[in-house]
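First up is the structure itself, then whatever we jot down about it.
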Amino acid sequence: MSKSLPKRSEDYSGWYNELVKRAGLAENSSVRGCMVIKPYGYAIWEKMQRVLDDMFKRTGHSNAYFPLFVPKSLFEAEEKNAEGFAKECAVVTHYRLKTNPDAKGKLMVDPEAKLEEELIVRPTSEAVIWNTYKGWIQSYRDLPILVNQWANVVRWEMRTRLFLRTAEFLWQEGHTAHATKEEAIAETEQMLDVYAEFAEKYMAVPVVKGIKTPNERFAGAVETYCIESLMQDGKALQTGTSHFLGQNFAEAFDVKYATKEGGLEHVWGTSWGVSTRLMGALIMTHSDDAGLVLPPKLAPIQVVIVPVFFNDTQLEQISLKANEIKKNLEAKGVSVKYDNRDTQKPGWKFAEYELQGVPVRIAIGARDLENGTAEVARRDTKEKKAYPLENIETIVEGLLHDIQENIFQKALDFRKEHTTKVDSYEEFKEVLNKKGGFVLAHWDGTPETEERIKEETKATIRCIALQTEPEEGSCMVTGKPSGKRVYFARAY
RNA sequence: CGGGGUGUAGCGUAGCCCGGUAUCGCGCCACAUUUGGGAUGUGGAGGUCGUAGGUUCGAAUCCUGCCACCCCGACCA
């Protein structure tokens, strides 16, 4: 195993794959397409979960849990949704194994134990949930229902990549039911805002909020909202989606409520989710050739203290000071690791914590004790500076704040530099090939043109941004009139 | 599912064409010297060569089947 990662500029996907493994985030498992999320990677996911979960609670949602299996008859009830997922479903057909009479010590599927109705391993839970909601909702007094679940889902992907696309992944899916269309749309938009806030304030990942074109829309939704972000290789990544389901699922599952006025109406629905794919966005937005760069707000270890010592006496003295700093920082809510192992050298530790993206590193040696200082290094810029020990906690606290701001700003600048307006198809292709990033162009609004662009350039419409100001123009491909520019990019 | 490739120690590999029981690096263990950016030396442990079969006195090497993984395509919210 070589010591350094592949360079981003030379082999971006190699860099990503190696980084995920070497930083201890995840690894491939013996199950095709499925990953093992390792403790360090899972710790980041847990922090994401905690923040998001709080945000969901604050907006009135409660958690619940629904089954992993969906009976085929339920699954197919909402036709478009079922069709959209049909090609990537794992299906349970039997419920028993038996010993194989032809191969000693081996098991085989018991042909006698065929399920009467196949069970689909959920690729998403709308079907089970709406079928359940049917029993929960009779009157307007039962609405709204604001439920979220943290779960795993399975989508049998042909080609997988750690975090970005795996056959099984972890996510949360919110499913809400409302009395009115307006309320459901407001919910959809509210959750999109929650995701955007989370991405920008916590992950430090700038996002474009928008709606999907019909081609890219969630199967079964009336409107799909999304947040899109830009990775360092110029490819876009969908980081979250929020769907206005209209009455599609209510109709498919016959979910009606009695109105105040005594009428009977189908309820309105939404669903919204973010997944472990966020980990991919986090990694690819900030990290560099030396390893992971984590935003302080999501870093499992925010500060690491590394002692530099030559003998046990020195270590003892340094530890005294280090533990004091650790305690003081922890009192301020900062998570600190004091790495006093004598089995690794300081230089090794420096490199290791850089690989793991720990935002701030404090090194204390005998020399520092004499001078009453410590060396403080920040991960994002790799700057090192000696500070007096007295107010080091304040310095570190400020630094964590700075890093959070700085990496967001850096990502935002990158996105600005890589967002290009073009007015011709030629220019469009050139920008895609030479520069990458988001390309803002006029489009005639037809699925045919969108499809043609996708086939010819591999770029898709990432979204129609919510904040886009109207601008008269003509479609770069067909010349037909267009009222605004849309975001194109090659995407993950 | 199509086209190409690869499976050899925990990881990365040489050997395969031309058959004779496996090379090197990292990591691991022990000891010593080291320790402010991934230390050095000496010694040591670790292998069903993906798997099943075939050819052969003898197979990592040749042949066949199977499995897994990677790349390209197709597919993909």
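In what follows, chains are A, B, ... by sequence order, proteins preceding strands, each numbered from 1.
Contacts between residues 304-312 of chain A and RNA chain B, counted as heavy-atom distances below 4.0 Å, involve A:V308, A:F309, A:F310. A heavy atom lying under 4.0 Å from RNA chain B marks the following residues of residues 359-370 of chain A, by number: A:R361, A:A363, A:G365, A:A366, A:R367, A:D368. Sorted by residue number, the members of residues 228-246 of chain A with any non-hydrogen atom under 4.0 Å from RNA chain B read A:Q238.
B:A32 and B:C17 are spaced 47 Å apart, taking the C1' atom of each and rounding to whole Å. Atom C1' of B:G53 sits at a distance of 30 Å from the matching atom of B:G46, rounded to the whole Å. A distance of about 50 Å separates the C1' atoms of B:U21 and B:G36, rounded to the whole Å. Taking atom C1' on both nucleotides, B:A14 is separated from B:U51 by 23 Å, rounded to a whole Å. With both ends at atom P, the span from B:U61 to B:G44 equals 30 Å, rounded to whole Å. A gap of 25 Å separates the P atoms of B:U13 and B:G3, to the nearest Å.
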All N/O pairs under 3.5 Å across the protein-nucleotides 39-46 of chain B interface:
| unit_1 | atom_1 | unit_2 | atom_2 | d |
| --- | --- | --- | --- | --- |
| B:A39 | O4' | A:K345 | NZ | 3.4 |

Under 3.5 Å, which protein N or O atoms sit close to an N or O of nucleotides 68-74 of chain B? Give each pair with its distance.
| unit_1 | atom_1 | unit_2 | atom_2 | d |
| --- | --- | --- | --- | --- |
| B:C72 | OP2 | A:R159 | NH2 | 2.2 |
| B:G73 | OP1 | A:K458 | NZ | 3.2 |

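Applying the salt bridge (charged side-chain N to carboxylate O under 4.0 Å, His left out) test to pairs two or more places apart or on separate chains, those with a residue in residues 268-290 of chain A are A:R8-A:D289, A:D288-A:R379. Applying the salt bridge (charged side-chain N to carboxylate O under 4.0 Å, His left out) test to every pair with at least one member in residues 302-326 of chain A, sequence neighbours left out, gives these pairs: A:K321-A:E324, A:K326-A:E330.
No contact: A:T224 has no heavy atom under 4.0 Å from any strand.
Atom CD in A:E352 sits about 14 Å away from atom P in B:G38, given to the nearest Å.
Place A:P346 and A:K454 on RNA chain B by their nearest nucleotides, and A:P346 ends up nearer the 5' end.
Partners of A:S275 under the side-chain hydrogen bond (donor to acceptor under 3.5 Å, both in side chains) rule, at least two apart in sequence or in another chain, do not exist in this structure. Every residue two or more places apart in sequence or in another chain that forms a side-chain hydrogen bond (donor to acceptor under 3.5 Å, both in side chains) with A:Q172 is listed here: A:N148, A:Y195. A:W443 meets the ring pair (Phe, Tyr, Trp, His ring centres under 6.0 Å) test with no other residue; sequence neighbours excluded. Residues satisfying the side-chain hydrogen bond (donor to acceptor under 3.5 Å, both in side chains) test with A:H178, not counting sequence neighbours, are A:T176, A:E183.
Between the base of B:G36 and the side chain of A:K349 there is no donor-acceptor pair shorter than 3.5 Å.
Using a 4.0 Å cut-off, some side-chain N or O of A:K87 falls inside it from OP1 or OP2 of B:C76.
In the model, A:T460 has a side-chain atom that pairs as donor or acceptor with a side-chain atom of A:R462 under 3.5 Å. Donor-acceptor pairing under 3.5 Å is recorded for the side chains of A:E126 and A:S271. With no hydrogens or angles considered, a side-chain donor-acceptor pair links A:Y353 and A:K337 at under 3.5 Å. Using modelled atom types, one finds a donor on one side chain and an acceptor on the other under 3.5 Å when comparing A:D444 with A:T446.
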Problem - Dot-bracket pairing map - RNA chain B, Watson-Crick plus G-U, both contacts under 3.5 Å, | cross-strand - result: ((((((((.[[[..)....(...]]].((((((.....)))))).....[[[[[..)....]]]]])))))))....
